[in-house]
Every structure is written in structure tokens, then in C-alpha cells.
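Lettering follows sequence order; numbering is per chain, from 1. Since this is a predicted model, take the numbers as computed values, not measurements.
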There are 2 protein chains.
Amino acid sequence: MKLTSQAQAFVLHFGEMGSRWGFNRTVGQMFALLTIHPEPLNADQLAQALKISRGNVSMGLKELQAWRLVELHHLPGDRKDYFTAAGSIWDLARTVFEERRKRELDPTLTLLRQLLLNEPQDEQDALAQEKMQEVYDLLELLDQFANTLSRLDQRDLLKLMRLGSGISKLLELKGKVKGGASKAK
Amino acid sequence: MKLTSQAQAFVLHFGEMGSRWGFNRTVGQMFALLTIHPEPLNADQLAQALKISRGNVSMGLKELQAWRLVELHHLPGDRKDYFTAAGSIWDLARTVFEERRKRELDPTLTLLRQLLLNEPQDEQDALAQEKMQEVYDLLELLDQFANTLSRLDQRDLLKLMRLGSGISKLLELKGKVKGGASKAK
DNA sequence: TACAATTTTCAGAAATTTCTGAAAGTTAAG
DNA sequence: CTTAACTTTCAGAAATTTCTGAAAATTGTA
């Protein structure tokens, strides 16, 4: 397990970016390495390639499993656990997207729902609640939209993402053509 | 500056979530407080309300300004700097979205562009580069899409986000009606 | 069951991030 | 220019997160 300088740079960068993407440096590195490495890797190989402790690898793999980003494999005649990235790049991106939606939106939605149940006690409270309601409505919409996007199949997702400013035109079209798709069929 | 228990809970939660959203606890708290508080607040008021040091407030405000999330105001006859959240909830969300796109995607795109310029030295390198190209293509597309979304005006954005599974139908419609919007006009 | 291979756990160490508060810097007003 | 009001800076302290490595737990095999 020697990394080419290419792979090295890729892996180190994903380590740096890790924290911005929701995991820590070594988890980011492990994910990157499993993503570009065509063969399954076991914990010792990961530890050796990334120069981190065996225990750290174990914790990192646990985390990557919680994110559903890795897959466990077994090689015949070998008792070690081997891991690969779970699916294609698109699959991985989708999974990261879904997990982040869960972690970044759901807790806040839950809290806001609770807070909005309370009767405001005074003027200041009422104003604050108005804002909270706005925040809630927006995050709720965003959450649903994110959900919709992650359910789209890859063809539609590609189509949508490639529309560019054509989106406006399509939305306009929707308004004009009454009945939407049924008419077009 | 006394916070109602509602506001308190909201502010503390945004503090906790802060790290997931790209800033630290106190920056998250400051942002939350400025968002629900109708009046501009000065640094001393923030420090007092959040029970943090004056220096920390100064650093936090600097960060919020870097994110373009706060606006500076001056009250007549008062030399202190007063801050409010920069715009409506939608404005704020859009800004956070844009800033995060910049911070989470751009550095990686830059690195991948560089790495992909190198000629692969061997088989392993070539395979790794294929993967990197896939990652690049996906992130590039995502980046452009995020850009498109943040340029949409609020009406279109709302329309789009409310489509739900209707998105597929609309995309299908696009395929059927040749010429897109121009036809519908 | 016994054992060796492997993985997981977790207390403490190390690294990193955040925070404080005093000092330095800036700015407006007289 | 001087002063007072205010803001920023930043070295070190505190808090938090991450990492290590040895011990405990688990698992497959004979």
C-alpha cells in the first residue's frame, strides 16, 4: 500500500476538507482513499497507508459505516474485514447529501416545532416567534426539496442540474401549459 | 438585554448546530440572536446577552461580516457599532448557501483541476485519475447547479422547491415540448 | 473447549479550536 | 493635539476534539 503522489494529494485534501463536509480529518482521508482505490482495503492497510493507529481506523470505519459510505467485503480464506466505497461516485454523493440533510436540518426542525407550540408571553416573544416561524417554513421547504432531489433518479437529476438558467423558462412553461405533463403526453 | 426562554433556546440551539453549519458555537449564537432580535445590537449587548467576552464578540462579528450575514448600523449620537442580520430570512439563507458553496466546493475543484493536469505515471495512477475525473465532473456540475439556484429569484425558487415529485413530470414535459419556453409563449 | 486472529473500546495524551482579557489601535469630538 | 469612547488584536488559558495503544471483546477454526 504505497500511495502515488497523486493519490497522496487527493487523500490529504479530503482530510483537510473533511471538517467542512461533516467528518474529521482521518475519516475524510479514509473515505478518499477507499474512493480512489479500486481494491477493497482492510484496516491494517488503511492504518499503514495513512500512518494512523489501528484504533483510529476502527473508529473511522465505524463512522463511515454510520454514514453508509462504505461496504464490507470478505476475501476467501482471509478473516480480515475489507472495505470499499459504497457504490459509484454518484451514489456516494447522494448518500453524503442525504446524511447531511438529516444531521443539519432535522434537529433544528424538531426544535423549532417545539418552540412554536408555546404561547408567546409578551411582545418581544411574539416577534421572536414570527421570525422562528419564518425560519421554520424555510427550512421545512428546504428539507422537502432536498428530499425530492435525493429521490430523483440519476437521469432526471442530470437533466435538472444541466438546465442552468433554463430552469426559469421551464418553470414559466409550467405556468403556461395548463395540466403540466399530462398535456404533453 | 434579557433573553426570554424561547429566545434562549433558539440561540443555544444555533450555537450547538453552528459547527455543522460552518461556524463555531458563539458565532452561531450571535447570528441567531441578531436574527430574532428586531433591534440592532452592539457588541456589549451581545457579550452580555450571550455571556461571552468582549474580545470574542469582536472576533465573531468579524467572522459574520466575512460571511456577509450582518449589517452595520449607527444610531444618532452613539458612537458604538450596531449590527442586524443582513436582510430577510431568505436573504440570509441564500447567503449561507452561497458562502458554503464557495468554502466547500471551490477549493476541491481547484485541487482536482490541478491533479488532472498531470500525466498518470502508471496503471494505478490512471485508475485513480479516472475516479478523480468522475468526482470532478460531479462537483463541477453541483457547483454550477448551486450557482443557478442561488441566482433564481425568490418566486422561481419557491415554485421549484414546491414542485415535489412534479419535477420529474416537468422535466419530461421539457423533453416533449420541443423548443421549450419559446413554444409556450 | 481452546486458541489464535481480528476488531473494538476507551483512558489518557496530543492536537486543535475557541475563548478571555489586558494591551494596543482607532476614531470622533472638543 | 488630547482625550475619551470604542474596537481590534493576540498570547496564553480553557475547552473540545481527535488520536494512540494496550487491554478487552469477539469470532472463526480445529
Please report the C-alpha distance between B:Q45 and B:Y82 in whole Å, then the side-chain angles of each, then the deciding distance to 0.1 Å, and finally whether the side chain to side chain contact (heavy atoms under 4.5 Å, CB included) criterion is met.
-> CA-CA 10 Å; B:Q45 291 173 311; B:Y82 283 79; 3.8 Å; yes
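- B:K51 places its NZ atom 12 Å from the P atom of C:dT20, with the value rounded to the nearest Å.
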Can you give me the N/O atom pairs linking the protein to nucleotides 21-30 of chain C at distances under 3.5 Å, or say none if there are none?
| residue | atom | partner | partner atom | Å |
| --- | --- | --- | --- | --- |
| C:dT27 | O2 | B:R79 | NH2 | 2.7 |

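- Between the side chains of A:D137 and A:Q133, at least one donor N or O sits under 3.5 Å from an acceptor N or O.
- Taking atom CD on B:Q65 and atom P on D:dT9, their separation rounds to 11 Å, with Å as the unit.
- Going from atom CZ of B:R20 over to atom P of D:dT17 covers 11 Å, rounded to whole Å.
- Summarising the geometry, the separation between CG on B:L61 and P on D:dC6 is reported as 15 Å, rounded to the nearest angstrom.
- For A:D81 and D:dT26, the CG to C1' distance is 11 Å, given to the nearest whole Å.
- Counting to the nearest Å, the C1' atom of D:dT20 and the CG atom of A:L50 are 15 Å from each other.
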Give the C-alpha distance, both sets of side-chain angles, the deciding distance and a yes or no for side chain to side chain contact (heavy atoms under 4.5 Å, CB included) between A:W67 and A:R103.
-> CA-CA 11 Å; A:W67 279 80; A:R103 290 158 204 240; 3.2 Å; yes
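- Heavy-atom neighbours of A:R94 CZ from other residues, nucleotides or ligands within 6.0 Å: above the threshold of 12.
- For CZ of B:R100, the number of neighbouring non-hydrogen atoms (other residues, nucleotides, ligands) closer than 6.0 Å is greater than 12.
- Near DNA chain D, meaning a heavy atom under 4.0 Å from it, residues 24-47 of chain A has A:N24, A:T26 in order of number.
- Between A:D81 and A:F83, the shortest heavy-atom distance links the atoms CB-CE1, 3.8 Å.
- Between the side chains of B:D125 and B:Q129, no donor-acceptor pair is found at a separation under 3.5 Å.
- Put simply, A:K62 has a side-chain N or O that comes within less than 4.0 Å of OP1 or OP2 on C:dT9.
- Across all non-hydrogen atoms, the minimal contact from A:A9 to B:L115 is CB-CD2, 3.9 Å.
- Put simply, NE2 on A:H74 is 11 Å from P on C:dT6, counting in whole angstrom units.
- The main-chain N or O of A:F97 is never found under 3.5 Å from a side-chain atom of A:E99 such that the two would form a donor-acceptor pair.
- With rounding to whole Å, A:F23 atom CZ is found 12 Å from D:dT18 atom P.
- The B:K80 side chain lies nearest to D:dC6 when the options are D:dC6, C:dT20, D:dT8.
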